[in-house]
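Below is one structure; the comments refer to it alone.
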There are 2 protein chains.
Amino acid sequence: MKRSDNKSHCPINFSLETFGDSWSLLIIRDMVYFGKKTYGEFLESDEGISSNILASRLVHLEQRGLIVKKPHDTDKRKEVYLLTEKGLDLIPILLELADWAAKYDSETDAPQSWIAAVNSDRKSMISLIRDTVKDGGSVFSGSNSVVSKLTMT
Amino acid sequence: MKRSDNKSHCPINFSLETFGDSWSLLIIRDMVYFGKKTYGEFLESDEGISSNILASRLVHLEQRGLIVKKPHDTDKRKEVYLLTEKGLDLIPILLELADWAAKYDSETDAPQSWIAAVNSDRKSMISLIRDTVKDGGSVFSGSNSVVSKLTMT
DNA sequence: CTTTTCACTTTTATAATGCAAGTGATATTG
DNA sequence: CAATATCACTTGCATTATAAAAGTGAAAAG
């Protein structure tokens, strides 16, 4: 991954160059859906990202302004990664990707009730997710999750 | 790119494995936005895809059922690639990617009037694009384009 | 004080990509 | 109708990215 490819200013290409590699969106997914915030948490994902790749992607996402890195409040070994406004604006893209996959992957992990909830009131769902994530929560994990607010599984 | 990774059945991951590599979505973009249909047309894109990579991506997209390959009506050297229903269902994703990039790339090629049109009436715009592409047209190119239907530049 | 945990880095093997140059079939041109 | 150009690929090779494993230094835990 080169730092400044800039093959074109086509908006699709711009998005792909910014966060469209195999791993970047999975990191964003972990933040939005599962509330992950630290290097160690990202490493544990089912897809099995290597530590060197994870490190390079976090640098890349930070350079592009999608995430910010902050020292952990109490544990000085840890770093906390958080989404910026620019990163939070990827939520609609994640929802579309999930919607498409839920439709075409017969073995999808996506809960149908969740997909239905998003499709029934997309705009307000986006802002609910946004606010929740901004507040340190996530879609599925933790006490402060979107699904717990909606009382669904 | 391995044929069957299947690292997980997370819907985001499924989408990324199906069409989320650097080039696949650019091919789909060329079909939806510019009405490209042949190998030679895909090769001409600004981003400069290599011929071997293009060939492998077309095979991949066809195997996953996003596109179909047909012999050209009159020229027997040519093959025509068309989007399936499954491929057409990527249109909402393209729109979101473009919307995000239009917001954050100061030098974007995306016409603001187009972005505004999509955002003002998303649902009907999606079906208009869908119908147009199904009919052999595209968003920007050709006489049968979405923008000519909307009479905007 | 010793051992873990944490966020990375380094090393090395393997796989993907990019580039240039084919190839065989069909179409076009003189 | 023979020569040339076009088309959709394929092949070979150099370069780059990725994956896996082990290592590093600082801070926390026991």
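Bear in mind that the values here come from a model prediction, so they are computed numbers and not experimental data. Every chain is numbered from 1, with letters handed out A, B, ... down the list of sequences.
- Straight-line distance from the CG atom of B/Leu58 to the P atom of D/dC7: 16 Å, rounded to whole Å.
- For B/Thr18, there are no side chain to side chain donor-acceptor pair (under 3.5 Å) partners, not counting sequence neighbours.
- Remark: B/Lys78 engages no residue in a side chain to side chain donor-acceptor pair (under 3.5 Å) (not counting sequence neighbours).
- Partners of B/Arg122 under the side chain to side chain donor-acceptor pair (under 3.5 Å) rule, at least two apart in sequence or in another chain, are A/Glu96, B/Glu96.
- Among residue pairs with one or both ends in residues 69-107 of chain B, those qualifying as ring pair (Phe, Tyr, Trp, His ring centres under 6.0 Å) are A/Phe19-B/Trp100, B/Trp100-B/Tyr104; sequence neighbours excluded.
- Qualifying side-chain contact (heavy atoms from CB on, under 4.5 Å) partners for A/Asn52, counting only residues two or more places apart in sequence or in other chains: A/Ser50.
- Taking atom NZ of B/Lys78 as the reference point, atom P of D/dA5 lies 18 Å away to the nearest angstrom.
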(message) Walk along nucleotides 20-30 of chain C from 5' to 3' and tag each nucleotide B, S or - by protein heavy-atom contact under 4.0 Å, base first, then sugar-phosphate.
(response) BB----BS---
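- Here B/Arg57 does not reach the OP1 or OP2 of C/dG18: none of its side-chain N or O atoms lies under 4.0 Å away.
- If you take OH of A/Tyr81 and C1' of C/dC6, they are 11 Å apart, rounded to a whole angstrom.
- Taking a cutoff of 4.0 Å between a charged side-chain nitrogen and a carboxylate oxygen, A/Lys134 and A/Glu85 qualify as a salt bridge.
- Of the residues in residues 38-49 of chain B, those lying under 4.0 Å from DNA chain D by heavy-atom distance are B/Thr38, B/Tyr39, B/Gly40.
- Pairs passing the salt bridge (Lys or Arg N to Asp or Glu O under 4.0 Å) check and including a residue from residues 41-54 of chain A, sequence neighbours excluded, read A/Arg29-A/Glu47.
- Not counting sequence neighbours, the partners of B/Lys103 by the side chain to side chain donor-acceptor pair (under 3.5 Å) test are A/Asp89.
- Between the CG atom of A/Leu54 and the P atom of D/dA21 there is a distance of 17 Å, rounded to whole Å.
- The separation between B/His60 atom NE2 and D/dC9 atom P is 17 Å, rounded to whole Å.
- Distance CD1 (B/Ile53) to C1' (D/dT10): 13 Å, rounded to an integer number of Å.
- One side chain, A/Asp21 or A/Ser24, offers a donor N or O that lies under 3.5 Å from an acceptor on the other.
- B/Trp23 has no side-chain polar atom (N or O) that falls below the 4.0 Å cut-off from OP1 or OP2 of C/dA16.
- One can place CG of B/Asp21 at 15 Å from C1' of C/dA15, the figure rounded to the nearest angstrom.
- Regarding contacts with the backbone of C/dC6, every side-chain N or O of A/Lys37 stays at 4.0 angstrom or more from both OP1 and OP2.
- Counting to the nearest Å, the P atom of C/dA7 and the CD1 atom of A/Ile27 are 13 Å from each other.
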